[in-house]
*Asks:* 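First, the structure itself, so that you have it in front of you.
Here is the naming used below: chain letters follow the sequence lines, and residue numbers restart at 1 for every chain. None of these values were measured; they are calculated from a predicted model.
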Amino acid sequence: MTLVLDGFGYPDERLPSPFWEGVARRELTVARCESCGRHFAPFSVSCCYCGSPELTHHRVDGSGELYTWTVCHRAMDPMFAGAVPYVVGAVRLREGAVFYSRIVEVTVTELAAGMALELCWQHIDPGSQWMWAFRPVGDG
Amino acid sequence: MTRNLRFLGRTAIAGVGYTDFTRDSGVGVLSLAVEACRAAVEDAGLETSEVDGVASFRFLEDSVPAQAVATSLALPDVEYLLDVNLGGQAPCYLVAHAAMAIDAGLASNVLVFRALNGRSGMRVGSSQAPGPATGMRYLSGLSAYPQLIAMWARRFMIETGATEHDLASVALAQREWAQHNHRAMVRKPLTPDEYWAAPYVAEPFRVPDCTVEVDGGCAVLVTSLDRARDLRHPPVTISGAAYGSRPRPGLDMADASLWDDLSYNYCSKIADDLWGRAGIAPSEVAFAELYDCFSSSVLFALEGLGIAERGGSGDLIRSGATRPGGDFPVNTHGGLLCEGYLHGMNTVGEAVLQMQGRGGPRQVADRSSCVVTSGALQDGSALVLTGGAR
């Protein structure tokens, strides 16, 4: 897991964080501000809406809707060379946070703003860490 | 805030310099930076020894610090050096900063440059800005700018009714301009059929919707309006300037996950300040040089700045107004789409050439005023330039 994450985060940031440890357990969390009640991602040092440092990791149930998306026809990173064309979207979670995610088990012509999505889990490569993904609700 | 800023109307751009634009420069970035800066000083008609300031921007470590250029130019009197870790949002911002420094008396003649081996060296489009959001994006397959900005473009299409035909109109109009620009990396004519046949990179962007990575350098020389009046070319007066972001610009340059509405970028945020400070209305500006790493950012800028109504930018372009011979020229060098991705420093450079009447075969007729933008995402900057002939 640390191998995949190596190079991300600010230079002095220690990864994996509670967020990524949750991902390894197939638990998706967002930041919840205990002061204003807003949810957002990624987790940070204070609330991006009110500035309060009172943040907790809140596990989400994984329901959301598609806000926007792109169909990637070229893999800019070799890690995704075998995946093209693949869909990435911005998913607005029920709690309010927006999550960038692979959108899977979907055909390109189905994609539409507001499409109901649910959380699922996949491996980027066989043997790699779990990554979140979203798929249309009711797809098995 | 909209208020009178002292440096506006009192400072100017006096010259512009370029290196060749290539796919493989064969030299280091410092060579490109120094060559572009020397060219800008010479173009202005100044002696290098009169330059006392240098400002530049770089993304991660893709360029050299201002001090290296000051050293290599053997500047005898260094009063102002500025390096910022920014991308395409920087050029207009840095020109404004240099103008402020000059008007405040900190410096007299300041070079603003961008140089990089953007094709043969470090390719910014796929480099990783550090930050907590980066891993979330990259491991989701969002590893490069075309993909990120495609998501802005898609939301813009959802909100405004824009279609891929509007994106096509940008690429087609700008390719017409590029045919008159010897510097443009992509000059061959583009037909609608060729546009539609081009493969997608990241939907809705096809290859012609994307900028071309390039090795090169571009610099402008900023000075006081009084000094510029004595120099070689007509002064290009800096009459309006603005930089800004709506709340939550994100945890790194590409992190738009906290942005409320991806159908608006910085342009709509800074528009009132920009026009208010310049004292002209968007309907009055003669032409525009709009940052265009991807075709959609031209639509965002035209609508965000109030030049076109919301949802109306595609119609404006299809009317022919923005093309060669039209009455509102836009991206007269072919834009970054065709000339190459000098991160918008060359967008400022083209504005200067046009304002000074040095546009050659692509010279606009009315050069009384120009709006220039820098950036495509959460934060960005813009200038209004005046002083050219009508």
Side-chain angles (χ1 to χ4, degrees), chain A residues 4-13 15-17 19-20 23 31 38 40-45 48-49 66-80 83-91 97-103 108 111-114 124 128-134, chain B residues 60 123-159 198-207 209-210 213 246-252 254-263 294 296:
Chain A
V4 179
L5 289 174
D6 191 35
F8 296 122
Y10 293 126
D12 65 344
E13 196 182 3
L15 293 172
S17 64
F19 170 77
W20 288 106
V23 168
R38 302 287 291 263
F40 62 92
F43 198 87
S44 190
V45 297
C48 63
Y49 294 96
L66 188 59
Y67 176 65
T68 186
W69 69 90
T70 182
V71 184
C72 301
H73 290 260
R74 287 191 190 178
M76 307 294 177
D77 186 311
M79 185 160 61
F80 293 94
V84 291
Y86 63 91
V87 182
V88 186
V91 181
V98 169
F99 244 85
Y100 289 144
S101 174
R102 286 280 294 276
I103 310 296
V108 170
L111 293 164
I124 300 172
S128 74
Q129 67 169 71
W130 287 107
M131 263 303 285
W132 64 87
F134 282 81
Chain B
L60 304 178
R123 300 175 73 171
V124 66
S126 50
S127 52
Q128 298 169 357
T134 309
M136 298 173 70
R137 288 197 305 273
Y138 278 72
L139 298 177
S140 296
L142 271 174
S143 53
Y145 275 95
Q147 302 160 344
L148 287 162
I149 296 185
M151 302 229 288
W152 290 74
R154 175 65 62 189
R155 191 66 206 180
F156 179 85
M157 292 161 72
I158 292 163
E159 292 285 346
Y200 280 121
V201 175
E203 293 184 37
F205 296 147
R206 293 174 167 81
V207 170
D209 294 302
C210 302
E213 291 167 309
R246 292 183 186 279
R248 295 176 294 283
L251 296 173
D252 66 79
D255 175 24
S257 57
L258 304 170
W259 194 256
D260 278 341
D261 187 343
L262 288 179
S263 74
F294 302 95
S296 62

*Asks:* Side chain, backbone, both or neither: which part of B:Arg248 has an atom under 4.5 Å from a heavy atom of chain A?
*Replies:*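 Contact with chain A: side chain only.
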
*Asks:* For chain A, find which of B:Asp255, B:Leu142, B:Asp252 contributes the most heavy-atom pairs closer than 4.5 angstrom.
*Replies:*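 Result: the option with the highest number of such pairs is B:Leu142.
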
*Asks:* Specify the closest pair of heavy atoms between A:Tyr67 and B:Arg155, including all atoms of both residues, with the distance to one decimal.
*Replies:*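 In this case the closest contact between A:Tyr67 and B:Arg155 is O-NH1, 2.8 Å.
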
*Asks:* Pick one of side chain, backbone, both or neither for A:Val108, based on which atoms fall under 4.5 Å of a heavy atom in chain B.
*Replies:*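 For A:Val108, the side chain is the part near chain B, not the backbone.
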
*Asks:* Side chain, backbone, both or neither: which part of B:Ala153 has an atom under 4.5 Å from a heavy atom of chain A?
*Replies:*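 For B:Ala153, no heavy atom lies under 4.5 Å from chain A.
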
*Asks:* Side-chain contact, heavy-atom cut-off 4.5 Å: B:Pro132 with A:Ser44?
*Replies:*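 No, too far: nothing below the 4.5 Å cut-off.
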
*Asks:* Looking at every non-hydrogen atom in both residues, tell me the closest pair between A:Tyr86 and B:Ser140 and how far apart they are.
*Replies:*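 Residues A:Tyr86 and B:Ser140, closest heavy atoms: CE1-O, 4.3 Å.
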
*Asks:* Indicate the atoms forming the closest heavy-atom contact of B:Tyr138 with A:Met79, along with that distance.
*Replies:*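 Taking B:Tyr138 first and A:Met79 second, the nearest heavy atoms are O-CE, 4.1 Å.
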
*Asks:* Tell me if the CZ atom of A:Arg38 is crowded by more than 12 foreign heavy atoms within 6.0 Å.
*Replies:*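 Counting neighbours around CZ of A:Arg38, 12 or fewer heavy atoms of other residues, nucleotides or ligands fall under 6.0 Å, so no.
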
*Asks:* Hey, which of B:Ala202, B:Pro199, B:Ala150 has the most heavy atom pairs under 4.5 Å with chain A?
*Replies:*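 Ranked by contacts with chain A, first place is B:Ala202.
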
*Asks:* What part of B:Ile158 gets closer than 4.5 Å to chain A, counting heavy atoms only: side chain, backbone, both or neither?
*Replies:*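 Answer is side chain: those atoms of B:Ile158 sit under 4.5 Å from chain A.
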
*Asks:* If you take all heavy atoms of A:Gln129 and B:Leu139, which pair is closest and at what distance?
*Replies:*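 Of all heavy-atom pairs spanning A:Gln129 and B:Leu139, the closest is NE2-CD1, 4.2 Å.
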
*Asks:* To the nearest 0.5 Å, how far apart are OH in A:Tyr100 and CE in B:Met136?
*Replies:*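 Atom-to-atom, A:Tyr100:OH and B:Met136:CE are 10.0 Å apart.
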
*Asks:* Decide yes or no for A:Arg74 and B:Val207: does some side-chain heavy atom of the first lie under 4.5 Å from some side-chain heavy atom of the second?
*Replies:*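 A side-chain contact exists here, since the closest heavy-atom pair is under 4.5 Å.
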
*Asks:* Closest approach of B:Leu258 and A:Cys48, non-hydrogen atoms and distance?
*Replies:*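 Looking at all heavy atoms of both residues, the shortest contact is CD2-SG, 3.9 Å.
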
*Asks:* At a heavy-atom separation under 4.5 Å, does A:Phe43 approach chain B through its side chain, its backbone, both, or neither?
*Replies:*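 Just its backbone gets close to chain B.
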
*Asks:* Nearest 0.5 angstrom please: B:Glu203 CD to A:Trp69 CH2, how far?
*Replies:*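 Answer rounded to 0.5 Å: 10.0 Å.
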
*Asks:* Which atom pair, heavy atoms only, marks the closest approach of A:Ala41 to B:Ser257?
*Replies:*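 That closest heavy-atom pairing would be O-OG, 3.3 Å.
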
